[in-house]
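Chain A is the first sequence line, chain B the second, and so forth, proteins listed ahead of strands; every chain is numbered from 1. What you see below is based on every heavy atom in this structure, not just the backbone, and it leaves out hydrogens, waters and symmetry mates.
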There are 2 protein chains.
Amino acid sequence: MTSPAGQAPSRGALSPDEVVAGALALVESEGLAALTMRRLASRLGVAVTAIYWHVGDKAALLDAVGDRIITRLAAVPVKGDDPATRIMSVCRAWRRRLLEQPELVAVVHAQGRTAELFQPVRRVLVRELTAAGLRGHDAAVALQAILQFVTGSVLTDVQVARAPSQHVAPEDLWTAADVDGASDLLDELRHPLSSDELFDYSVRRLVGAATGAPRR
Amino acid sequence: MTSPAGQAPSRGALSPDEVVAGALALVESEGLAALTMRRLASRLGVAVTAIYWHVGDKAALLDAVGDRIITRLAAVPVKGDDPATRIMSVCRAWRRRLLEQPELVAVVHAQGRTAELFQPVRRVLVRELTAAGLRGHDAAVALQAILQFVTGSVLTDVQVARAPSQHVAPEDLWTAADVDGASDLLDELRHPLSSDELFDYSVRRLVGAATGAPRR
DNA sequence: ACCTGAACACCGTTCAAGT
DNA sequence: ACCTGAACACCGTTCAAGT
């Protein structure tokens, strides 16, 4: 983690930290696919094998890069007065933050560490749901439902942002036969809500279900 | 698409269909990572370059494989009497079906064609939501909300199934500080609902919100 | 302790050449 | 029309060798 006590790094010496930082910079600027051992080495101005000495093989490198990404994205700003507002706000801000860096999300997701990435939001949500009066099992279930939705929304949109050219836009797949001739519905389906609007709508529903008035 | 009219394929001749079928079989048996042009060629008993002649480069091959996967998974069984039950049933069956073949889902997702893959469920859902009395904008919004959740659930669990070893189980990340000392909640968080239970619970809520009694 | 160079087994892709 | 073989530019990884 830290460098040897009191020992200044000698001129031009390579540290594990520098290697990982270089890898992260490479992913940010050119995408996950551009992160190869050889390209990273030439970027760092060393032989490929130096990377192996400092951080290990590519799996180890990706692990370390994943750690850094998860740490960097951890801060979650919360705004609003009542719990429902605060929950909406944190979900929205978190989603927007992740969508700004789709390649970083892809790194973490490819490692199967998505749940770990979302842990900061989980902490905030559990606090807000408790503040909203939910206890025990109810709180745990509501938390997971909301989180599942947010995760899904992010993963979907991240992939759309990363996919070079969307094959067929889903809104073009609808035909009149699908809607039994209800042309107003067809119109709606062909001009769907933006991801942002849909996200707002759905989280609001799940939040409402969790914190709103009793349901019967 | 079809072979030349009335012309029986000569003995041992390679067709685009055979190439794509071989690729799909390779993905099913050994995973997406095992699908390389060279391995496929040796599996088919031809030189690598024969693939290029029949279907083109790797992107074209993946395209064709994606088409096949989407077609094969298209059938959606619907059960139940009332719309809400039918919606639950189709979502659950669809999810279970996709989770049986995580590598196939991964192929389609990597191509950014997830929305296309989910189109059959979209068709069923729009029919059932209409039957439930939802019209126009309301139906379109409810459809997208439910679909977003199902998609997210599938993508999350597919990646968990594919990731060789989960890094840290998210339920181990909780500490007493996160829950303000509410130890019953901590217990719940550490033993969360299974993906199946959570899925049922959440879709039920979204379906209820869409088709249930008026909300105020 | 730290780093290099050569080597190996893999990739995807192109192209001239065969039948 | 259909297929092969050689070649090119890339991968990740190992290992002996240098300082």
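Under the 4.5 Å side-chain criterion, counting only non-hydrogen atoms from C-beta, B:L104 is in contact with B:L24. Side-chain contact between B:S153 and A:Q148 is present, with at least one heavy-atom pair separated by less than 4.5 Å.
The distance between atom CG of B:L40 and atom P of C:dC11, rounded to the nearest whole Å, is 11 Å. Protein atom CG of A:L44 is 16 Å distant from nucleotide atom P of C:dC2, rounded to whole Å. Rounded to an integer number of Å, the gap from B:R39 CZ to C:dT13 P is 16 Å. Across the protein-nucleic acid pair, B:L35 atom CG and C:dG12 atom P stand 8 Å apart, rounded to whole Å. Distance CH2 (A:W53) to P (D:dG12): 21 Å, rounded to an integer number of Å. When rounded to the nearest whole Å, the span between CE of B:M37 and P of D:dC10 equals 19 Å. If you measure from atom CD1 of B:I51 to atom P of D:dT4, you get 10 Å, rounded to the nearest angstrom. Rounded to whole Å, the distance from CG on A:L32 to P on D:dC11 is 13 Å.
Distances shorter than 4.0 Å separate none of the side-chain N or O atoms of A:R38 from OP1 or OP2 on D:dT13. Not one side-chain nitrogen or oxygen of A:H54 sits closer than 4.0 Å to the OP1 or OP2 atom of C:dA1.
Residue contacts for B:V48: at a heavy-atom cut-off of 4.0 Å it reaches a base atom on one of the strands shown. Residue-level contact check: A:T36 touches the backbone only, with heavy atoms under 4.0 Å from sugar-phosphate atoms and none from bases.
Relative to the side chain of B:Y52, the nucleotides C:dT13, D:dC3, D:dT13 differ in distance, and C:dT13 lies closest. Of the listed nucleotides (D:dT4, D:dT13, D:dC15), D:dC15 has the atom at the smallest distance from the side chain of A:T49. Among the nucleotides C:dT4, C:dG12, D:dG12, the one closest to any side-chain atom of B:K58 is C:dG12.
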Residues A:L44, A:L40; criterion side-chain contact (heavy atoms from CB on, under 4.5 Å); working and verdict: CA-CA 6 Å; A:L44 293 169; A:L40 176 56; 3.9 Å; yes
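Here CG of A:L147 is found 8.5 Å from CD of A:Q119. Values are rounded to the nearest 0.5 Å.
Nucleotide D:dG5 forms a pair with C:dC15, judged by Watson-Crick or G-U wobble geometry with both contacts under 3.5 Å. Both distances falling under 3.5 Å, in either a Watson-Crick or a G-U wobble arrangement, occur for no nucleotide opposite D:dC10.
When the options B:R86, B:R123, B:K79 are evaluated for a salt bridge (charged side-chain N to carboxylate O under 4.0 Å, His left out) with B:E128, the one that passes is B:R86.
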